[in-house]
Amino acid sequence: MAKPRTDEQIKRRREARKRWKEKPESREFINAGKRRHYERYRERELERKRLSRIKHREYYRKYMQRYRARYRAAMLNGASNGAEIRRRILLRDEYFAAALAMVPRGLPPDVRDDMTMEIVLSLLEGTHTLDTAKKSIWSFTPPHYRDRFKTMSLDAPIPGTESLRLIDVIPDRKDDDE
């Protein structure tokens, strides 16, 4: 254990250190030490970055190999694009497969997909079972597509009226609040 120093000893040491730092040769010695430290630090840091790049490059390469292998396997099984691959993955779910089988195939793909997802959602929520969903299949039709399975224009006149348009009978949001 070091002996406690007196104020006089501390003062003499500080003066000696100050004189030593003022000498030109000691300044060069200090700077050389700083340079050596910086060079060693820089070499270590460059090596760490190099190893990190190699590690990430290797991880990315392995990830891409796995991705390409899955994609190739899906392509060999007859999938033509990413959407088809996602659809095949979804078909593994029993609710999705049953809902897709219920929806008529003559509908456009976007309406068919909307109906399928609405059926799956109602099955998961528990508002319908497979039997009740099959009986009320047309209730899952998207609202914009309900009238004879055609998209309706809001500016088109309503049949049987003189100049009444569909947009005229839709209430404003302000009316709902009041």
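Being a predicted model, the structure only gives us computed values, none of them experimental.
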For Pro142 against Val111, the heavy-atom pair lying closest together:
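In terms of heavy atoms, the two residues are closest at CD-CG1, 3.8 Å.
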Looking only at heavy atoms, which two atoms of Leu123 and Tyr95 are closest? And how far apart?
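It is CD1-CD2, 3.8 Å.
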Spatial distance of atom [atom1] ([X]) from atom [atom2] ([Y]) [nearest 0.5 Å]:
X: Tyr67; Y: Met64; atom1: OH; atom2: CE; answer: 7.0 Å
X: Glu43; Y: Tyr38; atom1: CD; atom2: OH; answer: 11.0 Å
X: Asp168; Y: Asp155; atom1: CG; atom2: CG; answer: 9.0 Å
X: Met115; Y: Leu100; atom1: CE; atom2: CG; answer: 11.0 Å
X: Leu130; Y: Glu94; atom1: CG; atom2: CD; answer: 8.0 Å

Knowing that exactly one of Glu47, Lys55, Arg48, Arg53 qualifies, which makes a side-chain contact (heavy atoms from CB on, under 4.5 Å) with Leu51?
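Running side-chain contact (heavy atoms from CB on, under 4.5 Å) over Glu47, Lys55, Arg48, Arg53 with Leu51 returns exactly one hit, Glu47.
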Verify, without hydrogens or angle tests, whether Ser136 (side chain) and Thr132 (backbone) share a donor-acceptor contact under 3.5 angstrom.
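Yes; judged by distance alone, with no hydrogens or angles, the pair exists.
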I'd like to know if Leu121 and Ile137 are part of one continuous hydrophobic network [Ile/Leu/Val/Met/Phe/Trp/Tyr, side-chain heavy atoms within less than 4.5 Å].
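Different clusters.
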Same cluster or not: Ile54 versus Tyr59, using hydrophobic residues (I, L, V, M, F, W, Y) connected whenever any side-chain heavy atoms lie under 4.5 Å apart?
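No, Ile54 does not connect to Tyr59 through the hydrophobic network.
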Is Glu39 paired with Arg42 through a side-chain N to carboxylate O contact shorter than 4.0 Å?
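Salt bridge: no.
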Quick test of your reading of the model: are Glu58 and Arg61 salt-bridged, counting only N-O distances below 4.0 Å?
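Counted as a salt bridge, because a side-chain N and a carboxylate O are separated by less than 4.0 Å.
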Below 4.5 Å, heavy atoms only, C-beta onward: do Phe140 and Met102 meet side chain to side chain?
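In short, these two side chains do not touch, never coming nearer than 4.5 Å.
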Filter on salt bridge (Lys or Arg N to Asp or Glu O under 4.0 Å), then keep only pairs touching residues 6-16, sequence neighbours left out; what's left?
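Qualifying pairs, neighbours excluded: none.
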Taking salt bridge (Lys or Arg N to Asp or Glu O under 4.0 Å) as the cut-off, I'd like each qualifying pair that reaches into residues 97-113, sequence neighbours left out, listed once.
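Those involving residues 97-113 are Arg87-Asp113.
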List in chain and number order the residues that pass side chain to side chain contact (heavy atoms under 4.5 Å, CB included) with Thr127, two or more places apart in sequence or in another chain; answer none if no residue qualifies.
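Testing Thr127 for side chain to side chain contact (heavy atoms under 4.5 Å, CB included), a comparison that skips the adjacent residues, returns Ser122, Glu125.
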